[in-house]
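Right, one structure below, let's go through it.
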Amino acid sequence: MKTCIYPGTFDPFTTGHLDVLKRGCAIFDKVIVGLLKNSSKTPMFSLQERENFIRKAAQAEGITNFDVISFDGLLVEFAERQGASALLRGLRAVTDFEYELQMAAMNKKLKPELETMFLMTSTQYSFLSSSIVKEIGAYGGCIKGLVPEVNRLEIAERLVRQ
Ligand code: ADP
């Protein structure tokens with residue numbers, strides 16, 4: 001049974017994130033979305049909201065071999081507790097690369113047997129980030145296609161109200 005952890009803040013979960021999750025679930029027996037509790041990014045959406053968005057979106061896609069578990073502390077230790085053999089990350093532009101390389105190198109140093117695997121973004125999502133969604137949504141712009149359709153209204157309402 002090959003399990004991987006797909007860690008992130010997911011504030012909020014975008015269609016780009018969903019694309020990586022779906023593709024990860026086709027490769028691994030199980031993908032655990034590791035929801036970061038104490039992110040330095042000070043998330044706008046609560047842990048519960050973020051978890052609900054991920055669960056609803058994955059269920060709407062018919063994905064069954066996933067779970068969502070929040071964590072804080074060291075990612076490699078969380079991965080070990082979950083029995084995961086790999087970390088899954090998405091790569092968009094060159095700008096992601098430097099940070100991801102640093103993280104992967106550090107995690108490798110902490111736990112050499114835990115591999116970090118990268119999935120290249122699908123081209124239509126290469127411009128997409130949670131920050132862009134929050135920016136557009138805050139000004140009442142249309143976020144259709146940027147977040148999973150099942151979550152769109154809830155996210156849009158929340159963003160214009162903030
Ligand atoms: P973090 O706070 O750890 O950067 P994010 O929630 O921003 O977490 O992203 C989680 C993962 O998903 C990261 O590996 C990020 O590169 C990847 N990701 C984010 N947006 C996209 C996208 N549009 N396409 C592919 N991967 C993405």
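Each residue takes its place number in the sequence, starting with 1. Ligands are counted one by one from 1 in listed order, and the atoms in each one are counted from 1 as well.
Every N/O-N/O distance between S126 and ligand 1 stays at or above 3.5 Å. The shortest N or O to N or O distance between D11 and ligand 1 is not below 3.5 Å. The shortest N or O to N or O distance between S129 and ligand 1 is not under 3.5 Å. Close N/O approach between L36 and ligand 1 is not found [any backbone or side-chain N/O within under 3.5 Å]. Distances between N or O atoms of F10 and those of ligand 1 include at least one value under 3.5 Å. Looking at ligand 1, you'll find an N or O of L128 within less than 3.5 Å of one of its N or O atoms.
Under 3.5 Å, the side chains of D11 and S130 contain no donor-acceptor pair of N or O atoms.
Residue P7 has at least one heavy-atom neighbour below 4.0 Å for each of these atoms of ligand 1: 10 (C).
At least one heavy atom of E100 sits closer than 4.0 Å to an atom of ligand 1. Heavy atoms of Y99 stay at 4.0 angstrom or farther from ligand 1. Under the 4.0 angstrom criterion for non-hydrogen atoms, T14 is not in contact with ligand 1.
In this structure, the side chain of N151 engages the main chain of F53 through a donor-acceptor pair within 3.5 Å. Judged purely by atom type and a 3.5 angstrom limit, T15 uses its side chain to pair as donor or acceptor with the backbone of L146.
With a 6.0 Å radius and a threshold of 12 heavy atoms from other residues, nucleotides or ligands, E113 has its CD atom above the threshold.
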